[in-house]
Amino acid sequence: VMDEYGLLRDRFDAMGGFQNLRDIRNVLARLGFQEADFEKSTALLSGGEKTRLAMARLLLSGPDILLLDEPFSALDVLTAENLRGEIGDLWEEHKFPAESVLLVSHNIEEAIMLADRIVVMEQGSIIERGTHLELLALEDVHTRLHGMQLEDVHTRLHGMRFRDAG
């Protein structure tokens with residue numbers, strides 16, 4: 001039995017199994033998981049933890065391109081900020097597994113923090129494109145972008161039904 005265990009262990013190691021386990025633990029830790037969380041059933045994870053776990057799964061899959069559509073929108077503010085920071089750090093450290101990332105976001109600050117090129121769209125058409133410095137150099141673009149963001153919030157609020165306070 002011990003000989004068979006040794007052979008299986010050597011085979012597991014030769015296939016990169018131990019390195020994979022180290023990579024998994026490293027990514028989970030960077031995304032805010034504690035050692036005690038590693039063995040938790042996914043049924044016991046909160047919504048934010050499930051989102052971070054899905055991000056870990058994506059990062060570990062080593063895609064050529066990573067498509068992220070509002071990846072932080074369902075997270076609480078602190079978790080989203082931490083996750084944005086970790087993703088930015090991985091990119092800066094050249095440890096990000098994807099060669100390219102397409103991030104869709106309605107959050108201007110998020111786009112500036114994570115993107116090296118930004119495309120601004122309005123009603124399905126591209127209205128601006130460039131680095132954040134190029135966009136900020138455009139006449140009045142900052143005011144227009146924040147105005148668009150405020151208009152979006154205003155539109156969403158108008159669509160909500162409020163309970164009568166009286």
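Between Glu134 atom CD and Ile118 atom CD1 the span is 10.0 Å, to the nearest 0.5 Å. A distance of 11.0 Å separates CZ of Arg129 from CZ of Arg117, quoted to the nearest 0.5 Å. Between atom CG of residue Leu28 and atom CG of residue Asp37 there is a gap of 9.0 Å, rounded to the nearest 0.5 Å. One finds the CD1 atom of Ile24 at 12.5 Å from the CZ atom of Phe33 (value rounded to the nearest 0.5 Å).
Geometrically, Arg25 does not engage Phe38 in a cation-pi contact defined by less than 6.0 Å to the ring centre and at most 45° from the axis.
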Exercise for review: Could you check Thr79 against Asp76 for side chain to side chain donor-acceptor pair (under 3.5 Å), going step by step and ending with a plain yes or no?
Suggested key: CA-CA 5 Å; Thr79 302; Asp76 64 85; 2.7 Å; yes
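Other residues, nucleotides and ligands contribute only 12 or fewer heavy atoms inside 6.0 Å of the CD atom of Glu4.
Remark: side-chain polar atoms of Ser125 are not paired, donor with acceptor, to backbone N or O of Met121 under 3.5 angstrom. Side-chain atoms of Glu92 do not come within 3.5 Å of backbone N or O of Asp89 as any donor-acceptor pair.
For the pair Leu66 and Leu102, the minimum side-chain heavy-atom distance is 4.5 Å or more. Residues Phe72 and Leu114 meet the side-chain proximity criterion, which asks for heavy atoms closer than 4.5 Å.
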In a table with atom names and distances, give each donor-acceptor pair under 3.5 Å that connects a side chain of residues 52-65 to protein atoms at least two apart or in another chain.
| unit_1 | atom_1 | unit_2 | atom_2 | d |
| --- | --- | --- | --- | --- |
| Arg52 | NH1 | Leu31 | O | 2.7 |
| Arg52 | NH1 | Gly32 | O | 3.4 |
| Ser61 | OG | Leu58 | O | 2.7 |

